[in-house]
Amino acid sequence: VQLVESGGGLVQSGGSLRLSCAASGFGSDYSAIGWFRQAPGKEREGTLCISDFDGRVTYIESVKGRFTISRDTAKNTVYLQMNGLKPEDTAVYYCAAAFYYCSSRPADFGSWGQGTQVTVSS
């Protein structure tokens, strides 16, 4: 599975961004797609994930009610809508694909996008 992210950028605190993850290649139509983020000096962490088996899963309490994940199967694209952004959301955001099931562990995902920078100013 090949993944290409887009949609990152610089936004003020309280603003919104929508990230896109376009998937292609063998297995892309039944993969679980997760969004991870990695801030400088911190470990990569799973935020949200979507799959046909798990539905939508949120792994971080701090993004509940602000971030949502959705999937356009016709376009084979997964979106991460981020509202009410805070400076602590600043990170490189990655989408990743796993076979069938969601997970919060980066090691469970075999395909990764190149990452997109999200910077939230205070």
Side-chain angles (χ1 to χ4, degrees):
V1 179
Q2 290 77 49
L3 304 170
V4 178
E5 301 111 334
S6 61
L10 173 64
V11 64
Q12 288 188 332
S13 182
S16 299
L17 284 174
R18 189 178 78 159
L19 306 183
S20 300
C21 174
S24 62
F26 179 76
S28 60
D29 55 346
Y30 55 78
S31 295
I33 302 293
W35 281 100
F36 291 79
R37 66 185 184 183
Q38 188 165 20
K42 295 188 176 181
E43 293 187 352
R44 192 168 298 190
E45 61 180 0
T47 59
L48 291 90
C49 185
I50 189 168
S51 78
D52 289 343
F53 297 90
D54 302 293
R56 294 176 175 85
V57 184
T58 301
Y59 292 110
I60 298 180
E61 190 68 28
S62 65
V63 305
K64 286 183 178 179
R66 299 190 297 123
F67 291 12
T68 56
I69 191 169
S70 62
R71 190 174 206 157
D72 184 333
T73 54
K75 296 182 178 180
N76 225 2
T77 298
V78 173
Y79 302 99
L80 180 67
Q81 179 67 45
M82 305 185 293
N83 299 327
L85 282 162
K86 304 175 181 180
E88 52 263 42
D89 295 317
T90 295
V92 177
Y93 283 72
Y94 300 88
C95 65
F99 283 112
Y100 304 118
Y101 299 104
C102 283
S103 170
S104 63
R105 302 194 316 156
D108 291 334
F109 291 77
S111 299
W112 291 82
Q114 79 283 2
T116 186
Q117 177 71 46
V118 171
T119 302
V120 185
S121 63
S122 57

Do the non-hydrogen side-chain atoms of Thr58 and Phe67 ever get within less than 4.5 Å of each other?
no
Taking the side chain from Ser51 and the backbone from Tyr100, do they hold a donor-acceptor pair closer than 3.5 Å?
yes
Within one Ile-Leu-Val-Met-Phe-Trp-Tyr cluster: Ile60 and Val78, side-chain cutoff 4.5 Å:
yes
Value for CD (Gln12) from OG (Ser122), rounded to nearest 0.5 Å, stands at 9.5 Å
CG/Asn83 to CZ/Arg18 distance, rounded to the nearest 0.5 angstrom?
11.5 Å
Does one hydrophobic cluster hold both Ile50 and Leu3, with members joined at side-chain heavy-atom distances below 4.5 Å?
yes
Using atom types as modelled and distance alone, determine if a side-chain donor or acceptor of Glu5 lies under 3.5 Å from a backbone N or O of Gly115.
yes
Just how far is it from atom CD of Gln114 to atom OG of Ser6, taken to the nearest 0.5 Å?
8.5 Å
Co-membership, hydrophobic cluster, residues Ile69 and Val1, 4.5 Å side-chain
yes
Shortest non-hydrogen contact from Ser20 toward Thr77:
CB-CG2, 4.2 Å
Nearest heavy-atom neighbours spanning Ala91 and Ala39:
CB-N, 3.8 Å
I'd like to check Ser103 versus Phe109 (side-chain heavy atoms, cut-off strictly below 4.5 Å). Are they in contact?
yes
Below 4.5 Å, heavy atoms only, C-beta onward: do Phe99 and Asp108 meet side chain to side chain?
no
Please say yes or no: joined through hydrophobic side-chain contacts below 4.5 Å, possibly via intermediate residues, are Val57 and Val63 part of one cluster?
no
Do side-chain atoms of Thr90 reach the backbone of Val120 as a donor and acceptor pair under 3.5 angstrom?
yes
Any pair with a residue in residues 23-74 that passes disulfide bond (SG atoms under 2.5 Å apart), sequence neighbours left out, goes on the list, sorted by first then second residue, please.
Cys49-Cys102
Output side-chain donor-acceptor pairs under 3.5 Å for residues 31-38, partner residues at least two apart or in another chain, one line each.
from	atom 1	to	atom 2	distance (Å)
Ser31	OG	Gly27	O	2.6
Arg37	NE	Glu45	OE2	2.8
Arg37	NH1	Asp89	OD1	2.9
Arg37	NH1	Tyr93	OH	3.1
Arg37	NH2	Glu45	OE2	3.4
Gln38	OE1	Arg44	NE	3.1
Gln38	OE1	Arg44	NH2	3.2
Gln38	NE2	Lys42	O	3.2

Value rounded to 0.5 Å, distance of CG in Leu48 from CD in Gln81:
11.5 Å
In Å and rounded to the nearest 0.5 Å, what is the OH to OG1 distance from Tyr59 to Thr47?
10.0 Å
Does one hydrophobic cluster hold both Leu85 and Tyr94, with members joined at side-chain heavy-atom distances below 4.5 Å?
no
Which value, rounded to the nearest 0.5 Å, describes the distance between Met82 atom CE and Leu17 atom CG?
5.0 Å
With sequence neighbours excluded, give me every disulfide bond (SG atoms under 2.5 Å apart) pair touching residues 6-46.
Cys21-Cys95
